[in-house]
Colleague: 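First the structure, which I've put down as structure tokens, then a few questions once you've had a look.
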Amino acid sequence: MNPYILATLLFGLGLGTTITFASSHWLLAWMGLEINTLAIIPLMAQHHHPRAVEATTKYFLTQATAAAMLLFASTTNAWLTGQWDIQQMSHPLPITLITLALALKIGLAPVHSWLPEVLQGLDLTTGLILSTWQKLAPFALLLQLQPANSTILIILGLTSTLVGGWGGLNQTQLRKILAYSSIAHLGWMILVLQFSPSLTLLTLLTYLIMTSSTFLVFKLNKSTNINMLATSWAKAPALTALTPLILLSLGGLPPLTGFMPKWLILQELAKQDLAPTATLAAMSALLSLYFYLRLSYAMALTMSPNNLTGMTPWRLQSSQLTLPLAISTMATLLLLPLTPAAVALLTL
Amino acid sequence: MTYIMSLFLLGLVLGLVAVASNPSPYFAALGLVVVAGMGCGVLVSYGGPFLSLVLFLIYLGGMLVVFAYSAALAAEPYPETWGSRPVAGYMAMYVAGVVLISSKFWEGWHEFSWVPGDELGEFSVFRGDIGGVALMYSAGGGMLVISAWVLLLTLFVVLELTRGLGRGTLRAV
């Protein structure tokens with residue numbers, strides 16, 4: 001792509017999220033979200049093939065619907081309460097509508113069906129931007145929605161963890177697996193939103209780090225389905241050794257970083273006397289864990305049959321940047337001892 | 001005044017039905033013109049002349065014209081107008097639905113549940129929304145700058161999506 005256009009679009013992505021972060025007026029927040037949608041559309045369609053164009057179209061339609069719902073809800077709020085401030089919402093109808101609109105924006109169940117198809121049509125870098133950066137702005141708004149509708153949030157949360165687990169079980173394409181993993185993690189984030197928004201923020205940030213590692217691993221190995229992952233073990237042995245740990249961190253196993261949010265969320269749910277909810281969420285994490293284990297097994301715990309040239313490739317210096325992967329991998333694996341510091345830093 | 005208002009609203013709903021009943025895009029665009037025109041009439045009477053003028057100028061005079069030219073590029077030999085069987089079926093269904101639902105709101109206290117922007121003083125441009133316009137151009141100046149930048153970004157996005165002729169994103173171009 002023309003570098004000037006690429007720079008303009010990336011600037012637009014940054015500006016959109018910044019505007020939403022910095023806004024206290026619903027119109028400005030909506031503008032930031034629309035700028036984000038607009039700027040990522042050409043990035044998604046840059047590889048001009050029909051599958052990418054299909055993914056772009058689906059993404060545009062769902063995000064436009066969500067943004068229209070957001071605009072409608074904020075106008076209704078202005079009509080009912082006379083003001084546009086994000087943090088002063090008091091009427092339950094606009095709050096519920098905005099929660100549902102933002103749920104459509106980020107891909108929570110039951111409005112999640114667009115996410116696997118959209119992610120599958122993109123290359124891994126754009127998929128990474130979609131799964132990480134594009135979640136920040138809607139969450140900034142969700143964290144500020146104060147008297148939230150309790151039932152809706154718990155239903156969204158539990159449905160998302162279950163759908164994310166069950167949906168990912170039958171997938172062989174890695175991008176779809178990561179889409180369902182995203183849905184499940186978003187479910188955990190929404191589940192604890194009304195009790196402790198700082199835990200939602202913590203879960204979001206750890207999810208961002210873990211999924212960045214995973215996308216970057218797949219990008220370095222140039223693998224997009226389980227078969228390609230299985231035959232990539234010889235390309236970078238250090239990575240092959242670390243990838244199971246990254247995937248198990250995504251699955252939420254101690255002593256890796258991914259355990260931190262799940263542990264704290266279950267503790268918070270138990271403190272709020274919601275033991276059945278906590279149990280159901282913990283059990284649904286087992287479903288996701290199964291497909292993370294399957295990926296680890298395929299890549300590192302088994303040496304898949306391959307011909308000689310596949311098993312002994314030249315390990316030349318990669319032309320891709322490996323520093324982001326190195327940093328995010330270390331963060332994905334080793335941040336659990338910093339739990340008290342993380343919780344203290346992220347008090348909202 | 002009530003008569004004109006009822007006429008405008010009836011035209012609005014019929015125009016919406018004409019768009020939603022899925023005819024060919026040229027006829028749907030005509031429906032949109034009717035909807036926008038009638039909606040502007042309602043807005044003017046209830047204190048929103050600025051919004052009405054901007055709607056005519058930008059929506060009808062800018063966006064709809066561009067849409068009409070794009071639809072003309074994709075012309076089809078047998079366009080489906082409102083007389084053809086499936087479209088007429090949809091229209092009948094929508095009109096029936098509107099009559100059914102609105103019959104719940106014909107009597108009683110619903111008759112007085114309109115919320116006007118201000119009282120109908122005179123037929124002029126200086127009405128209730130002028131205060132908001134002044135605020136938009138003074139305190140909201142930053143937002144206008146961002147809006148202008150977003151429009152430029154949209155231009156670049158559309159140009160990027162449509163460049164390349166047959167090898168680009170939209171192969172039919």
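Letters A, B, ... mirror the listed sequences (proteins, then strands); counts begin at 1.
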Colleague: Evaluate the side-chain proximity of V53(A) to L161(B): yes if any heavy-atom separation is below 4.5 Å, no if none is.
Modeller: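 Not touching, per the 4.5 Å side-chain cut-off.
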Colleague: Which region of I5(A), side chain (C-beta onward) or backbone (N, CA, C, O), has a non-hydrogen atom less than 4.5 Å from a non-hydrogen atom of chain B, or is it both or neither?
Modeller: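 I5(A) touches chain B through side-chain heavy atoms alone.
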Colleague: Mind checking the CD1-OG1 spacing from I41(A) to T154(B)? Nearest 0.5 Å is all I need.
Modeller: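 Nearest 0.5 Å value for the CD1-OG1 distance: 11.0 Å.
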Colleague: At a heavy-atom separation under 4.5 Å, does L43(A) approach chain B through its side chain, its backbone, both, or neither?
Modeller: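 Contact with chain B involves no heavy atom of L43(A) at all.
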Colleague: What part of I146(B) gets within 4.5 angstrom of chain A, counting heavy atoms only: side chain, backbone, both, or neither?
Modeller: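 Contact with chain A is through both the backbone and side chain of I146(B).
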Colleague: List the atom of V157(B), the atom of L38(A), and the distance in Å for their closest heavy-atom pair.
Modeller: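 Looks like CG2-O, 3.4 Å.
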Colleague: So with a 6.0 Å cut-off around OH of Y26(B), is the heavy-atom count from everything else above 12?
Modeller: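 Buried by this count: over 12 neighbours within 6.0 Å.
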Colleague: Looking at F21(A), I'd like to know if its CZ atom is crowded, meaning that more than 12 non-hydrogen atoms belonging to other residues, nucleotides or ligands lie closer than 6.0 Å.
Modeller: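 More than 12 within 6.0 Å, yes.
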Colleague: Between T8(A) and F156(B), what is the shortest heavy-atom contact and its length?
Modeller: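 Heavy atoms of T8(A) and F156(B) come nearest at CG2-CD1, 4.1 Å.
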Colleague: Within this structure, what is the CE-CD distance for the pair M1(A) and E160(B), rounded to the nearest 0.5 Å?
Modeller: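 The CE atom of M1(A) sits 4.0 Å away from the CD atom of E160(B).
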